[in-house]
Amino acid sequence: MKKTHHCNALNATHIGQEIILNGWVATRRDHGGLMFVDLRDREGICQIVFNPEIDPKVHDLAKDLRSEWVLAVKGRVEKRPEGMNNPKLATGEIEVKISEFEILNTSKTPPFAIEDNIDTSEDLRLKYRYLDLRRPALQKNMILRHRVMQATRNYLSENGFLEIETPFLTKSTPEGARDYLVPARLYPGKFYALPQSPQLFKQLLMVAGFEKYFQIVKCFRDEDLRADRQPEFTQIDLETSFLGQEDIIGLMEGLVKKIWQNAKNETLNIPFPRISYAESMARFGLDAPDMRFGLELQEVSDIFTHTQFKVFKDAVANKGVIKVIKIPAALKKDFSRKELDDLTEFVKIYGAKGMAWIKIQENEWQSPIVKFFSEDEKKALSDRLQIQAGDLILFGADKTQIVNDALGNLREKLGAMLGLIDSKQMNFVWVVDFPMFAYDDKERD
RNA sequence: GGGGACGUAGUUCAGUUGGUUAGAACGCCGCCCUGUCACGGCGGAGGUCGCGGGUUCGAGUCCCGUCGUCCCCGCCA
């Protein structure tokens, strides 16, 4: 039986047609008489029905069906009875009454459910990768990657870029990251190094006059992992000659817009806003800020130039800064002492020695540190931050880099904690004028 | 290189102060069920508590070691 449609392709326009589907048994709902099976393939799910009144023999055989068996089924597309539509399915208006089927393969019970939102360890999922990849979410991810790559290739080709491959097995050209090494059989004791990026090659291509190059390419960096960081990853790599910053920015905005349009069917507004690196560090503490919510950092160093509070005084004296995050009363969040202690532990990860705080209450400022503040300092702080009862002020005071790092990450943690981030919202921004060089911690001084 | 969390049924987890037969949910198996889509009802099976050692009358629980997993800092652009 050769398939005529994908499972997701059927709708009211197919009613009455005899069709054949191939797919996997997702779920089975056996009512003794009637039996429903959700048949799944890469495009989606379709409900098929086994009815003893159509063919008792077929219905009897269908009773043995289990999860993940692979089937070829033949039947007629029918409108579902009144009130039985399932709006959650693209095929929810119809079902297929099965007259004949073939078991292409049986299956053991899978070690985890083949469905989205499972709560199974990465370890187990990787052990049964072929099952994990059957899950709709992963299939959607793969399909998304496909669309992104197609959109990228089309867009860059249309804009005069040539797709050119570059070698993986080459000599080490030290960049920042450690190289992955491959023993060279023909040269005992020597090794190839896998590229951290096609840096050298694309420059070679520019010198050679290819003018515009791109490649969707694997890069390899032998560094320690993180949840969002893999040792090998794919990069959209490109290089041009004869173009300036504005040209590149315009080109990339067009690319991102095209990708979102083709892959997600979402229309982005371009040009994207821009901020400088310096502004990003000042307002958000990070060079890749999440600008979907507020809680921006504010510097208050100047208020405490002559303070009696030693921690602040030392920070300013050592050319550091004092910055704050104000969590406004309007957010209606009362932080417990335990939560403040936890936040303090959190900023310590980034090298901060502590985190001072003030709870602004109707008649007093509750805080371990305000007793060190002069009336002038309190007034200046109150004016600068436009303090109101119910506000919470969190302080970082240290070297600039530590304060930015600690409060920048604290801000993003608070944003998540307070539910201020709409994960669906896209918010692009260019951060421009990055410093060309930065001091190594050990080399400054 | 450093810090933290965790390892109990197929899966996700609970397990009190160290104390009788280690529990739940989902999944699985059997029977029943003709409109379900998280189907429902009744019944059932399923455990080397990661591994090794120690303390103890007694260890899932305490101690030491070991293996493994996850997260973070450093590192990585």
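Values below: all heavy atoms of this structure, side chains included; hydrogens, waters and symmetry mates excluded. Each chain gets a letter, A, B and so on, in the order the sequences are listed, and its residues count up from 1.
- When each of U34(B), C75(B), C37(B) is scored by its nearest atom to the side-chain atoms of Arg178(A), the top-ranked nucleotide is C75(B).
- Counting any heavy atom pair closer than 4.0 Å across all strands shown, Glu122(A) reaches no nucleic acid atom.
- Looking at heavy-atom distances under 4.0 Å, Leu124(A) makes contact with sugar-phosphate atoms alone, never a base.
- For the pair Arg40(A) (side chain) and Ala26(A) (backbone), a donor-acceptor distance under 3.5 Å is absent.
- Taking side-chain N and O atoms only, Lys88(A) has a distance below 4.0 Å to OP1 or OP2 of A38(B).
- Across U11(B), C28(B), C73(B), the shortest atom-to-atom separation from the side chain of Ser67(A) is found for C28(B).
- Among the protein residues, Pro110(A) comes within range of no part of the nucleic acid, since none of its heavy atoms lies under 4.0 Å from any strand.
- Residue Arg28(A) contributes atom CZ, which lies 10 Å from atom C1' of C29(B) at whole-angstrom precision.
- Of the C1' atoms belonging to G27(B) and A38(B), the separation is 13 Å, rounded to the nearest Å.
- The side chain of Pro111(A) approaches G10(B) more closely than any other nucleotide in the set G10(B), C75(B), U12(B).
- Nearest nucleotide to the Arg80(A) side chain, out of C29(B), C73(B), U36(B): U36(B).
- Nucleotides U16(B) and G30(B) have their P atoms positioned 36 Å apart, rounded to a whole Å.
- At whole-Å resolution of the value, CG in Leu131(A) and P in G10(B) are 17 Å apart.
- Atom CZ of Arg145(A) has 12 or fewer heavy atoms from other residues, nucleotides or ligands within 6.0 Å.
- Each of Phe434(A) and Arg29(A) was matched to the nucleotide of RNA chain B holding its nearest heavy atom; the match closer to the 5' end belongs to Arg29(A).
- Note on Lys63(A): nothing from the nucleic acid sits closer than 4.0 angstrom, heavy atoms only.
- Per the geometry, NE2 belonging to His31(A) stands 5 Å off C1' belonging to C39(B), to the nearest Å.
- With distances taken from any side-chain atom of Asn51(A) to the nucleotides U36(B), U34(B), C75(B), the minimum falls on U34(B).
- As rounded to the nearest Å, G68(B) and A14(B) have C1' atoms that lie 23 Å from one another.
- Note on Asp119(A): only backbone sugar-phosphate atoms sit closer than 4.0 angstrom, heavy atoms only; bases stay farther off.
- OP1 or OP2 of C29(B) has at least one side-chain nitrogen or oxygen of Arg66(A) nearer than 4.0 Å.
- Considering only side-chain atoms of Thr120(A), the nucleotide from C73(B), U12(B), C76(B) that sits closest is U12(B).
- Contact annotation: side chain of Arg221(A) to base of C75(B), donor-acceptor pair absent below 3.5 Å.
- Two residues are said to be in side-chain contact when any heavy atoms from C-beta on lie closer than 4.5 Å; Ile249(A) and Arg274(A) meet this criterion.
- The shortest side-chain heavy-atom distance between Phe242(A) and Asp247(A) does not fall under the 4.5 Å cut-off.
- Spacing of C1' atoms, A45(B) relative to C72(B), comes out at 42 Å, to the nearest Å.
- Where Ala227(A) and Asn85(A) each meet RNA chain B at their nearest nucleotide, the meeting point lying more 5' is that of Asn85(A).
- Here the separation of A24(B) from G15(B), taken at their P atoms, is 15 Å to the nearest Å.
- Protein atom CG of Asp224(A) is 9 Å distant from nucleotide atom C1' of C76(B), rounded to whole Å.
- For G35(B), the base has a donor-acceptor partner in the side chain of Glu95(A) [N/O atoms by modelled type, under 3.5 angstrom].
- Side chains of Glu279(A) and Tyr277(A): no donor on one and acceptor on the other come within 3.5 Å.
- Applying the Watson-Crick and G-U wobble criteria (two distances, each under 3.5 Å), C37(B) pairs with nothing in any strand.
- You'll find that the side chain of Leu34(A) is closest to U34(B), out of U34(B), C29(B), C37(B).
- If you take CG of Asp30(A) and P of G30(B), they are 11 Å apart, rounded to a whole angstrom.
- Taking atom P on both G18(B) and C64(B), the two are 16 Å apart, rounded to the nearest angstrom.
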### Query
What do the steps show when you test Glu115(A) against Arg135(A) for salt bridge (Lys or Arg N to Asp or Glu O under 4.0 Å), and what is the final call?
CA-CA 5 Å; Glu115(A) 62 191 25; Arg135(A) 296 168 50 233; over 6 Å; no
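- Side-chain contact between Trp430(A) and Glu253(A): present, with at least one pair of heavy atoms (C-beta onward) separated by less than 4.5 Å.
- Taking atom C1' in both A59(B) and G2(B), the straight-line distance is 33 Å, to the nearest Å.
- A5(B): Watson-Crick or G-U partner is U69(B), with both key distances under 3.5 Å.
- One can place CD of Glu82(A) at 16 Å from P of G35(B), the figure rounded to the nearest angstrom.
- Paired with Asp237(A) under the rule side chain to side chain donor-acceptor pair (under 3.5 Å), one option of Gln199(A), Lys202(A), Gln215(A) passes, and it is Lys202(A).
- Contact of Asp123(A) with G68(B) (side chain to base): no donor-acceptor pair of N or O atoms is detected under 3.5 Å.
- As the counterpart of A25(B), U11(B) is assigned, both hydrogen-bonding distances of the Watson-Crick or G-U wobble pattern falling under 3.5 Å.
- Note on Phe36(A): a base of the nucleic acid sits closer than 4.0 angstrom, heavy atoms only.
- Thr91(A) and Gln47(A) share no donor-acceptor pair across their side chains, judged by distance under 3.5 Å alone.
- Nearest nucleotide to the side chain of Glu53(A), out of C72(B), C75(B), U34(B): U34(B).
- Looking at the side chain of Gln196(A), the nearest of the listed nucleotides G35(B), A77(B), C75(B) is A77(B).
- With rounding to whole Å, Arg125(A) atom CZ is found 13 Å from U11(B) atom C1'.
- If you take CG of Asp222(A) and C1' of G74(B), they are 15 Å apart, rounded to a whole angstrom.
- Looking at heavy-atom distances under 4.0 Å, Arg226(A) makes contact with a base.
- Comparing the P positions of U66(B) and G3(B) gives an interatomic distance of 14 Å, to the nearest angstrom.
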